Structure formats: structure tokens, C-alpha cells
Amino acid sequence: MNLFTALRDLVLKEVAALVEAGELPQNLDTSAIAVEPPREAGHGDVATNAAMVLAKPAKRPPREIAQLIAERLKHAPDIEAVEVAGAGFINLRLAPSFWHARLREILREGADYGVVNLGKGAPVNVEYVSANPTGPLHVGHGRGTVFGDVLANLLQRLGYKVTREYYINDAGAQVDVLARSAHLRYREALGEVIGDIPEGLYPGDYLKPVGAALAARDGAKWRDVSEADWLPVVRGAAIDAMLRLIKDDLAALGVRHEVFTSERKLVEDGKVEAAFRQLEADGLIYTGVLEPPKGKPAPDDWEPRPQSLFRATKFGDDVDRPLKKSDGSWTYFATDIAYHRDKIARGFNDLIDVWGADHGGYIKRMQAAVNALSGGAAKLDVKVCQLVKLLDNGEPVKMSKRSGQFVTLRDVVERVGKDVVRFILLTRRNDAPLDFDLAKVTEQSKDNPIFYVQYAHARIHSVLRRVAEEMPEIARDVGSLEAAAFDALSDEAELGLIKLAATWPRVLEQAALAHEPHRLAFFLNDLAAAFHRLWNKGNDDPRFRFMILSDSRTTQARLGLIVGVGLVIAAGLTIFGIEPVEEMRA
RNA sequence: GCGCCCGUAGCUCAGCCGGAUAGAGCAUCAGCCUUCUAAGCUGAGGGUCGGAGGUUCGAGUCCUCCCGGGCGCGCCA
């Protein structure tokens, strides 16, 4: 149960009653009424702006309306105190029994706590990674990968029918470069001395096995024929190999896409042509001449050229966008239009793309295209991930793609572990740059967010183990804990921990609606902090220890509390695709 | 030149579709281990929320302009 939506319903009910009683006019717009946690804990457990929202349409002072509502709320069950404050806020304090009931709810629902059917089975398409199949993934890719994957997990958990997709850019010039690079490695494998890799080709060693495999399979067959003859073959082999490499990298991170879509195949199947014709039929394509971009030196070979343009400006883009290159082949935009058209045709009206920051300028045109293709029915949300700055103990790790000396995602996953990568990459908002320090993220200290959260979970299980040893008479199964005497939990620190854990349903829901999985990471960090705080309160004052040898009633109630917290932490980590640990010792 | 993102404590960043006295971590300083793991916790100092207008009962949050940084701007993807 999301307690805030439940209390909002209660407030709305009282407002309706006041309308009924003639205190407030009919037909009030109540949509802006919010019930939220107040910023200041001192203001109570929840606050509502109802009176302030209604003041103007009701033509009565907000504090007066607040009094009316407050008077009624005082009689509602579980509400311990109601006060009108500030400009007309209504602050509510809920009875301990209310919070005890929330704890019982957490214990009863366990991993499903906070899970509501927000999506109602609506299909959502999440496209992420979509890196060119020209080499291994690097850390920058990792960020979008984790973001997309955890967002997909989150949406799936809340009742959306999620499909995870990867778009393979295997049709452009870059895969031809890949093919030439692989052909060089092929000749090398046949015994030729190739020397330095020429400028403009991929220098990485990862193409050596591709060349070797080709030589082993076909011998010298592709050595002395023209490029036009060998290129498609070598390209196909190289793309296949790179895709296997990438899928392995993804598997090492615990990521698996359901659908891989080949750009080349879209072209071959005439899907791009079909998308083009659809837009043409809708009058959204014309032949025109684009201005050269201003503010930077025009490309050397710039010449005004009539070309097929999509009327993106009709859908909010800044200029109309070209669909064909000068050689007659499709632009990247054109094939991407076809891909999104294909997604829409497969029944998705809710599209999410996760891109790197350097593609930010591409958002408007893609949204314009989705809008045009679906007649406004489909929505595309593009989440852009900023750069990751890789550090090792504070020192920047040198990465140069040109020399082939860049740290791969695989390297990082193998060094620090997939769980660490999955969590740390979400400890910033997607649109803020992120530092990833290889040394710090494996540190066993509170400076390391994932350690901090796992440590809280481990401590909870440590207490369980101790109680099993010292007080075996206490039933520790969730069923028994649910029935524990929670009136023993009366300290504000204990209730505060329940209160925080009880906001989990709201956090889940809001993270899903906003498409912002990082909120889960921040919440878990806060929850862990609240737990560590209570733990230390027990250090300072033995009466607050979870295990009180002389008092099995209190001990069991406190076990219920921390097991509940542990369940919420575990539920959160599971969405991250991270295994909660029960002890920290290796 | 235009578009998008960002600008919050010395540093790195949160701030929940506008809500009350703007938060956390790091760093600095001062404290807490005969303990359920101190792998942790408590406290203190530190802010014109880049600037100026505007909308609103109320603006870090929305709008306009300006300043500063990043990304992008046909034949790369």
C-alpha cells in the first residue's frame, strides 16, 4: 500500500463531505491536491496542500478551509494529531499503531511490498546499449546499459509488459571500416606482416581472432580478390563476432535483451522504403535544400544539394531532416525511423530509448518521427546518459580509442564485480556526469554506496544469527514476526525506520513514472543510513540493542523491524539485479 | 548563429509532475568501541540555489532574457 495515495483518498473523501455539507462549492478541481511527506520531519508524518489548492475556487481563505478539513480528519482512525500550519498546510501525525500495521504489511508482502500494477500490462519498449558492433563495450556504454536494464526491471516489476531491445547499427560506413580492419587481421593470420594499423581502421587486438577464424575457414580465398568481393563476407563474419563479444560483455553484467534488430535487415526487407512511403503519403516528405550549419566552418565539400527531407519542423524540430545521402543510400535517421515504425507496428505506444549524451541533438527529430508515424498515438521518451569519468584512486584512467587502449566494460566488471558496476552507475542522475573510481568502489567503507547498503543487509542477518544462537526460543520466521508485539516499538528512532521503509511504495512508483531508476539507489542509501543509525544507538545505549537477552518480547518485535527493513533492501537490490548478501566476510 | 543538457556548501551531488526554516556524502574540526561486526555512528562550522525580471497564496523547481560549462548541428552512428 502506498500510504500517501491512501491518505489522499481520505482527504478527498472529507473534501467531498464538505461539499455535501454545503461548506465548499460543487465541481471543485481536486487534481492538484497532494499528500506528501513534509520536508521537515517536525511537521508531522504527512502533509497536504488541499486547503491552499481549494482556496481560490472555493473563494474562502486557505486556513479556514484547512480548519474544516482538519476538524474532520481528527476523527479518522490512525490519525493521532492534525494541525493547520503555515499558509494552510494540514499536517498529520499518524499513530504508532498505524506504523506497526505498515511493518506487518512489509513482513507479509515481502519482496512484493510496494509493488502495484501501475502498468496494467501495457507494453513498453526499452531500447538500450545499441552500441555499434565494431568492438567491445566500454565503460560509457555501461552506464546506458545499466540504466536501461534497471529501468526495464523496475517497469516490469510495476506491471508493464517490458521488451528489452538492442538496435544493431550494421549498415553504415563504420561496419565497412570494421570489415577492412578485420581483413587486415585476416592477412596477418595468413602470415603477412602488416605493420602498424593504418589511420582510420580499428587497431584493437580483438579483431585478431576474427582474422584467424576466417583464415582457418576459408584459407587464402579472400586475399587476392577485390575488396568488393571480400568485403561483404568479411563484414558479415566480423559483425557476427563483434555481436558475440558484446553479448558476452552484456551477460557478464547480467544483461539480456529479448530483441535484437539489425539495421541492415530493415533495409534489405524494404522496411525503410515502406516507412519512407508512409511519410510521403502523409505529405511529410519533400525535396529541398538545407542551409549549411552556421557558427562552425562549413564542411569543405559543402554544396547546396536538393534532397529528400522529412518535415520534422511540423512536429517541433528545428529544421527538416534529410533521409537520403548523396549516394542515394539511407541516412542513419531514415533507418532509425524504420526501426521505430517497426516497434510501433509491433504494438508499442510507450517507447523508451537510452542514448549517450553525444546523441542529444537527435532527440527532437526522433520524437517528431515517432509522432508522425503513429499519428500522435506513440510516445518516445529519450533518456540521455552523460559521460563516465573513469578513475583509479583519484587518478584519471587514460583512454584513447585511437590507439585501441581503452578500458573495456568487461575489464571493469571483472575487476570490481557486476553488482558494484550495476549499483554505482546509478548513484547519479542519468543527465549528470559520473565519476567511477575503480579503487573506491571496492573499498569496504561507507564511502562506497553499494558496500554501505549491503553492509546494512548483512548486519540484519548477523543479528538474526546471533538471536538464533543466544535466544533460540524466539521464533524468527516471517509469519511469527508478523504477529510480534509491535507495541514494543515505541521509540522515535524505531518508528522512524518504519516510516522510511514505508515510503518505499511511493519511491518505486515515482521512479517508474519519472523513468529515473537512480531514485532507488538514493532511497536504499537513506534506508541503510537509518538502519546504521539505529544500530549505533544500541551501541551507545544497550537498551536499544535489537537483541535483549532478558526480554524476548521486545527482541522479537525488533527482529520484525529489522527483518522488514532487510526485505525492503533486498527488494530494492533485486530490481538492480544485485544479490543481497547476508554476511560481509569473504 | 541555432538547439538540447547542466550551473545548489570548499569538493561531488540529491531535492520526489511548485509547498513551510534548501539536504546528504567527502573534506575540516570535536566526540562515541568491556558492543548485535567502529567495515559504523553523533555533533559543529560552511548557502545571494549562476544573474535579472515574470507567473503564483507560495519558485532551487514553471516562463523570458543574460552569463558560464558540456554536447550536437546534410553525405558519422
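Throughout, protein chains are lettered first and strands after them, A, B, ... in sequence-line order, and every chain is numbered starting at 1. Everything numeric in this text was worked out from a predicted model, so none of it was measured.
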K.L.:
Using the C1' atom as the reference point in each nucleotide, state the distance between B:rG19 and B:rC2 in Å, no decimals.
P.N.:
36 Å
K.L.:
Would you indicate what A:F89 reaches in the nucleic acid, counting non-hydrogen atoms under 4.0 angstrom: base, sugar-phosphate, or nothing?
P.N.:
base
K.L.:
Under the 5.5 Å and 30° test, is A:H43 stacked on the base of B:rA20?
P.N.:
yes
K.L.:
Rounding to an integer number of angstrom, what distance separates B:rU48 and B:rC71 when you compare their C1' atoms?
P.N.:
30 Å
K.L.:
Sort by first number and list every stem of RNA chain B: at least 3 consecutive Watson-Crick or G-U wobble pairs, both distances under 3.5 Å.
P.N.:
B:1-7 with B:67-73, B:10-13 with B:23-26, B:28-32 with B:40-44, B:50-54 with B:62-66
K.L.:
How far does the C1' atom of B:rC4 sit from the matching atom of B:rG43, given to the nearest Å?
P.N.:
44 Å
K.L.:
Under 4.0 Å: is that the gap between some side-chain N or O of A:Y452 and OP1 or OP2 of B:rC41?
P.N.:
yes
K.L.:
Tell me whether A:Y362 is stacked on the nucleobase of B:rG72, counting only the six-membered base ring and applying the 5.5 Å and 30° thresholds.
P.N.:
no
K.L.:
Could you tell me whether the phosphate oxygens of B:rC75, OP1 or OP2, come under 4.0 Å of any side-chain nitrogen or oxygen in A:R321?
P.N.:
no
K.L.:
Closest-nucleotide mapping onto RNA chain B: is A:Q386 or A:A432 further toward the 5' terminus? I mean the 5' end.
P.N.:
A:Q386
K.L.:
If the cut-off is 4.0 Å, is A:H532 near the phosphate of B:rC36, judged by side-chain N/O to OP1 or OP2?
P.N.:
no
K.L.:
When we call it a touch if two heavy atoms are under 4.0 Å apart, what does A:P37 touch: a base, just sugar-phosphate, or nothing?
P.N.:
base
K.L.:
Got a salt bridge between A:E36 and A:R506, using NZ or NE/NH1/NH2 to carboxylate O under 4.0 Å?
P.N.:
yes
K.L.:
Measuring only the C1' atom in each nucleotide, how far is B:rG3 from B:rC49? A whole number of Å is fine.
P.N.:
26 Å
K.L.:
Quick one: is A:R429 getting a side-chain N or O under 4.0 Å of the B:rG15 phosphate, OP1 or OP2?
P.N.:
yes
K.L.:
When the P atoms of B:rG53 and B:rG18 are compared, how many Å lie between them, rounded to an integer?
P.N.:
23 Å
K.L.:
For the side chain of A:W535, starting at C-beta, report the closest nucleotide among B:rA20, B:rA38, B:rU12.
P.N.:
B:rA38
K.L.:
Tell me what A:D327 touches on the nucleic acid: a base, only sugar-phosphate, or nothing, going by heavy atoms under 4.0 Å.
P.N.:
nothing
K.L.:
Using atom P of each nucleotide, how far apart are B:rG46 and B:rA22 to the nearest Å?
P.N.:
14 Å
K.L.:
To the nearest 0.5 Å, what is the distance between CZ (A:R321) and OG1 (A:T313)?
P.N.:
9.5 Å
K.L.:
Would you indicate, yes or no, if B:rG74 has its OP1 or OP2 atom less than 4.0 angstrom from a side-chain nitrogen or oxygen of A:K325?
P.N.:
no
K.L.:
If you check the A:F451 side chain, which of B:rG74, B:rA77, B:rA39 turns out closest?
P.N.:
B:rA39
K.L.:
Report yes if at least one side-chain N or O of A:R305 is closer than 4.0 Å to OP1 or OP2 of B:rG74; otherwise report no.
P.N.:
no
